[in-house]
Participant: 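I have a structure here, written as structure tokens, and I will follow up with some questions on it.
Both ligands and their constituent atoms are indexed starting at 1 by order of listing. Position 1 is the first residue of the sequence; numbering continues from there. Bear in mind the structure is a predicted one, so any value in this text is a computation, not a measurement.
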Amino acid sequence: MKILIIGGTGTIGKKVSVHLAKKHEIVIAGRNSGDVNVDIANSKSIEAMYESIGKVDAIVCIAGEAKWAALDSMTEEDFYIGLKSKLVRIGQKYLNTSGSFTLSTGILADDPVVGTTSPAMVNGGIHSFVKAASLELGNSVRINVVSSGLVEDAVEKYEAYFPGHNAIPMDKVINAYVKSIEGQGNGNIITIYDNR
Ligand SMILES: NC(=O)c1ccc[n+]([C@@H]2O[C@H](COP(=O)([O-])OP(=O)(O)OC[C@H]3O[C@@H](n4cnc5c(N)ncnc54)[C@H](OP(=O)(O)O)[C@@H]3O)[C@@H](O)[C@H]2O)c1
């Protein structure tokens, strides 16, 4: 398969990319890294990326920003950061028949921590979006989302925010992406949580 991995140089993305590259042709996209540059917050940039790569068999997004801040300090705009629907809306015409989308969210959708009203809302919204979009994508295209707890490789960076959370081993995270891409599931929220 030819697989586009947006965020393929990130903490999770680089491990997933190395694994998938053993069996598949990989194209990596990032804002400032990878084979092609894209800003997933910008529709024009997304369109240009897809045009430059051509058709693929799987589009995987392991990128995204979120605003972590106290509820009192949030603006309305802060709640829109991190929505990924345009990646799917625009990407549909660049997927081969029976292709797939795999998005990424996290445990905040179901088990939020302090300061995460926006990412928790966006993650939960993406879960609902995936379930609904799976009913409408034509051409036998599938869509799933991988929702992980704090991953092993990010513990140092984030553990202060996640007291008592068990880190998720990277091989489990990688397998969730493999399941979405190589399996036949559609509309699934592939959760890898270890606390609930
Ligand atoms: N880390 C965790 O424990 C964890 C757990 C569950 C879910 N998640 C979610 O998984 C995703 C990846 O997490 P991570 O920890 O691997 O992140 P990371 O290490 O910060 O890597 C982010 C990757 O995404 C790219 N990127 C960031 N913003 C982008 C944009 N606007 N357009 C295009 N590419 C962009 C970056 O490339 P450039 O640097 O070139 O822009 C980089 O390759 C995030 O959505 C995160 O919320 C993370």
Participant: Say whether Gly13, considering both its backbone and side-chain N or O atoms, lies within less than 3.5 Å of an N or O atom on ligand 1.
Facilitator: no
Participant: Look up atom 47 (O) of ligand 1 and tell me if a protein heavy atom lies less than 4.0 Å from it?
Facilitator: no
Participant: Can you pull out the closest protein heavy atom to atom 2 (C) of ligand 1? Residue, atom name and distance to 0.1 Å, please.
Facilitator: Val151 CG2, 3.8 Å
Participant: Drop me the distance from Leu108's CG to Ser118's OG, to the nearest 0.5 angstrom.
Facilitator: 10.0 Å
Participant: Determine whether a donor-acceptor pair (N or O, by modelled atom type, separation under 3.5 Å) exists between the side chain of Arg142 and the backbone of Ser100.
Facilitator: no
Participant: Purely on distance, is any nitrogen or oxygen of Gly10 under 3.5 Å from one on ligand 1?
Facilitator: yes
Participant: Return the residue, atom name and 0.1 Å-rounded distance of the protein heavy atom closest to atom 44 (C) of ligand 1.
Facilitator: Gly64 O, 4.0 Å
Participant: Looking at every non-hydrogen atom in both residues, tell me the closest pair between Ala69 and Thr117 and how far apart they are.
Facilitator: O-OG1, 4.5 Å
Participant: Output the list of atoms in ligand 1 that are nearer than 4.0 Å to some heavy atom of Ala63, sorted by atom number.
Facilitator: 24 (O), 25 (C), 26 (N), 34 (N), 35 (C), 45 (O)
Participant: In the protein, which heavy atom is nearest to atom 31 (N) of ligand 1, and how far is it?
Facilitator: Asp39 OD1, 2.9 Å
Participant: So which protein heavy atom does atom 9 (C) of ligand 1 come closest to, and at what separation?
Facilitator: Thr105 O, 4.3 Å
Participant: Could you list the atoms of ligand 1 found under 4.0 angstrom from a heavy atom of Ser33?
Facilitator: 37 (O), 38 (P), 40 (O)
Participant: For Asn123, is there any backbone N or O sitting under 3.5 Å from a side-chain donor or acceptor partner on Thr105?
Facilitator: no
Participant: What I want to know is whether Ile40 and ligand 1 share at least one N or O pair that is separated by under 3.5 angstrom.
Facilitator: yes
Participant: Which value, rounded to the nearest 0.5 Å, describes the distance between Ile5 atom CD1 and Ile12 atom CD1?
Facilitator: 12.0 Å
Participant: When you measure from the side chain of Asp35 to the backbone of Ile28, do you find a donor-acceptor pair of N or O atoms at a distance under 3.5 Å?
Facilitator: yes
Participant: In terms of residue, atom name and distance, what is the protein heavy atom nearest to atom 33 (C) of ligand 1?
Facilitator: Val38 O, 3.1 Å
Participant: Would you find a donor on one side and an acceptor on the other, under 3.5 Å apart, between the side chain of Asn166 and the backbone of Asp194?
Facilitator: yes
Participant: Under a 3.5 Å distance rule, please check whether Tyr50 uses its side chain to pair with a backbone N or O of Gln92 as donor and acceptor.
Facilitator: no
Participant: Between ligand 1 and Thr9, is the shortest N or O to N or O distance under 3.5 Å?
Facilitator: yes
Participant: Provide, to 0.1 Å, the distance between atom 14 (P) of ligand 1 and the closest protein heavy atom, together with that atom's residue and name.
Facilitator: Thr11 CB, 4.0 Å
Participant: Any donor and acceptor pair, going by atom type alone, linking the side chain of Asn188 with main-chain N or O of Asn144 inside 3.5 Å?
Facilitator: no
Participant: From Met1 CE over to Ile181 CD1, what is the distance, rounded to the nearest 0.5 angstrom?
Facilitator: 7.0 Å
Participant: Is it true that Glu47 and Lys93 have a side-chain N and a carboxylate O under 4.0 angstrom from each other?
Facilitator: yes
Participant: Nearest to atom 34 (N) of ligand 1, what protein heavy atom do you find, and at what distance?
Facilitator: Arg31 N, 3.4 Å
Participant: Would you mind finding which of Gly106, Ala154, Gly149 brings a heavy atom closest to atom 5 (C) of ligand 1?
Facilitator: Gly149
Participant: I'd like to know whether ligand 1 has Ala66 as a neighbour, heavy-atom separation below 4.0 Å.
Facilitator: no
Participant: Is Leu150 close to ligand 1, meaning an N/O of one under 3.5 Å from an N/O of the other?
Facilitator: no
Participant: Using modelled atom types and a 3.5 Å cut-off, is there a donor and acceptor pairing between side-chain atoms of Asn195 and backbone atoms of Gly164?
Facilitator: yes
Participant: Enumerate the atoms of ligand 1 whose separation from the nearest heavy atom of Asn32 is less than 4.0 angstrom.
Facilitator: 38 (P), 40 (O), 41 (O)
Participant: Around atom 4 (C) of ligand 1, find the nearest protein heavy atom and jot down its residue, atom name and distance.
Facilitator: Ile12 CD1, 3.7 Å
